[in-house]
Amino acid sequence: MSSYLPEDVVVRILSCLPPKSLIRFRSVSKAWLFLIGNPDFFSKNLLNQSILTQNPTSRLPLILVKATHKSNPGKQIYSFLSHWNLDIVSQVPLNLPESPDRRFLNSTQCVYYDLKIVASCNGLLCLYHYYVGTRDIYIWNPFAPSGLNALPSVSHHGQPELTVLTYSVGFGFDPRSNDFKVVRLLAFLSTTASFLLDTHYEAEVYSMRDGSWRLLDLLVPVNIYSDSPTVSLGGLFLWYLGFHYDEATEEDETIFAFDFSDEVFRKTRFPDASVFRDYGQCARTLTGLKGSIAMLVFPRAPSNTKFCLDLWVLLEFGVKESWTRLISIGPLLDVERPLGFWNNGQLFLENSEGQLVLYDPYTEIKKNLPIEGVKGSLEVDLYMQSPVAINGAVEIKGQDNL
C-alpha cells in the first residue's frame, strides 16, 4: 500500500488543525514548508478553516455593531446582526446623558466623548465614557428590561480631586469564582510630603458578585490611554501599549494583560519596530483568533491610498520571538480601518464615509451594509445572548425607539 497522500488530501487535513500547530509543522519537510507558507494556502484554507470558521455544534453569537448617529451625536445605535446572513435582528438606540461640554463639540469630536464598548462577555456588555472627565462605567444586558446600569463610584481613597492623566477599563469573567469583574486603571497626579506633584498609578477591580471595588497592587507603572487597542480573550483582558507608528521603541511596544482569576498583571513584547519599516506609518490593533492573541497591522494614511492589512499571531505569551505573520489582505481602496473578522475569512471594515463594509478576500468583493455613523465611531463585537440579570444598579433614562 502506498504511503503517498494527494496534496489536496494533505491540505484538507492540515486545514483542520489550529494555527499554532500549522506554523510549527512548517519544519516537518521542505514540501510542507512550501505548502503551509504558500499565501494561497493561507488565504483559501488556513484562514477559512483553521482560524475563522465557527464550530457548527456551538451556539452562534450575534454580531454587535455600535455607531454614533450622524444627525444626532448624542445618540448611539446598537445593531444586532444574525451571524448567518447579517440581517438586522434588532436595533437599540441609546440617548447619552447630556454633558455641559457636549454642546461645544461638533459631530466628529463627539465620538471621543461617547460610550466605548469595553467588551462583551456571556451576554453582558461593559461600556464606559471615552472622555476622562466623566469616567462612568456601565454594565448592560441589551435584551433585559433593566436598562443601562452604572457601577458605583470609586472613592479615590481620600483624594476627591484628582488630575487624571490616563484612564482605561477592562471587563471579563472569572470562571474560578464564577464572577464578572471590571478592572479600572488610572494614572493621576498626587501631592507628595514635600508638596511636589508626583504621578501615581492605581488599579481597582469591581466584583459584580460582591458589588464593591477593591484596590490592587499595580506592580508595573503604565500609561494606558482611553483609545489604546484592547481585546478580551478567555480570562484575560489585554491592552496594546505604544501603538504610535514607526517611531515606537522596543520598550513601549507591549501587551499589558490582566488575569481575572489570579488578579495579576502580565506583559509581553511586540516584535521589534524594525519589522514594520516596510509599512511606513502604520497602526496596530489587537484581536482574538481561536483563543490566540493576534495583531492587525494596517497603514495610517488618507483613505484614497491603497489599504493593506497584515495578520500576525502570538504563539507563546511572553516570548516576543513567537510572533508570526500569517497572511496579507489587500490592497483595497476607500477603506479607513479594519473592525474584525466574520465567517470564512470575510472582514468587517469601515470606509471613508463611516459605513460598515464586508470584504471577501477570496472573491475580492466589497459589500456595503446598511449601517453607518459618524466617521470613526463604528465598533464590531460578538455578542452571545444570555438571561443574566443585573441587580442593585442605576438605570440611565432616555432610551427610546427608532
Side-chain angles (χ1 to χ4, degrees), residues 59-67 76 78-81 83 92 94 114-130 135-144 148-151 167-186 203-209 213 216 224-241 243 255-266 285-296 317 338-342 348 377-386 388 390 393:
R59 188 162 57 101
L60 290 177
L62 299 174
I63 305 295
L64 167 62
V65 184
K66 188 213 82 172
Q76 290 181 2
Y78 291 81
S79 302
F80 296 86
L81 314 181
H83 195 281
V92 182
L94 184 67
D114 64 8
L115 287 176
K116 178 180 174 64
I117 297 176
V118 178
S120 171
C121 182
N122 296 346
L124 295 183
L125 286 169
C126 178
L127 309 101
Y128 79 109
H129 270 292
Y130 207 69
R135 299 196 294 276
D136 292 328
I137 305 172
Y138 305 95
I139 302 295
W140 184 32
N141 184 338
F143 290 89
L148 190 64
N149 300 278
L151 296 188
Y167 174 79
S168 190
V169 175
F171 175 63
F173 184 73
D174 175 7
R176 189 180 302 169
S177 61
N178 197 35
D179 190 13
F180 293 92
K181 294 180 180 179
V182 177
V183 61
R184 170 184 175 274
L185 306 180
L186 192 69
E204 292 177 295
V205 64
Y206 179 84
S207 164
M208 288 189 62
R209 185 185 59 189
W213 290 93
L216 300 175
I224 299 181
Y225 294 89
S226 299
D227 57 349
S228 296
T230 62
V231 65
S232 182
L233 188 63
L236 296 177
F237 193 88
L238 306 108
W239 294 264
Y240 178 13
L241 310 185
F243 59 101
I255 290 179
F256 196 64
F258 180 71
D259 187 313
F260 287 100
S261 292
D262 296 332
E263 295 190 354
V264 296
F265 293 95
R266 300 171 182 164
T285 190
L286 295 176
T287 187
L289 213 55
K290 285 285 185 76
S292 297
I293 299 170
M295 168 178 60
L296 300 176
F317 194 91
L339 300 173
F341 285 101
W342 185 51
F348 288 113
S377 71
L378 294 184
E379 297 179 44
V380 173
D381 202 349
L382 297 182
Y383 177 82
M384 189 71 73
Q385 284 185 264
S386 171
V388 174
I390 308 170

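Model, not experiment: these values are computed from the prediction.
Within the 4.5 Å cutoff, no side-chain heavy atoms of Leu185 are placed close to those of Val169. Taking the side chain as every heavy atom from C-beta outward, Ile255 and Leu286 approach each other to under 4.5 Å. Counting heavy atoms from C-beta on, the side chains of Tyr138 and Leu94 never come closer than 4.5 Å. Between Glu263 and Val205 there is a side-chain heavy-atom pair separated by less than 4.5 Å.
Here the closest non-hydrogen pair linking Ile293 and Leu233 is CG1-CD2, 3.6 Å. Between Ser120 and Asp381, the closest heavy-atom pair is N-OD2, 3.4 Å. Of all heavy-atom pairs spanning His83 and Trp342, the tightest one is O-CZ2, 2.9 Å. Heavy-atom minimum distance, Pro175 versus Ser261: CD-OG, 3.6 Å.
Between Phe260 and Phe180, the ring center distance fails the sub-6.0 Å criterion. Taking the six-membered ring for Trp and the full ring otherwise, Tyr383 and Phe143 have centroids separated by under 6.0 Å. Between Phe265 and Phe258, the gap from one ring centroid to the other is short of 6.0 Å.
Defined by atom type and a distance below 3.5 Å, a donor-acceptor pair is missing between the side-chain atoms of Glu204 and Tyr206.
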Please report the C-alpha distance between Asn122 and Met384 in whole Å, then the side-chain angles of each, then the deciding distance to 0.1 Å, and finally whether the side chain to side chain contact (heavy atoms under 4.5 Å, CB included) criterion is met.
CA-CA 6 Å; Asn122 296 346; Met384 189 71 73; over 6 Å; no

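Salt bridge Asp262/Arg176: present, at least one basic N to carboxylate O contact under 4.0 Å.
Taken from CE in Met208 to CD1 in Ile139, the straight-line distance is 5.5 Å, to the nearest 0.5 Å. Atom CG in Leu151 sits 6.5 Å away from atom SG in Cys126 (nearest 0.5 Å).
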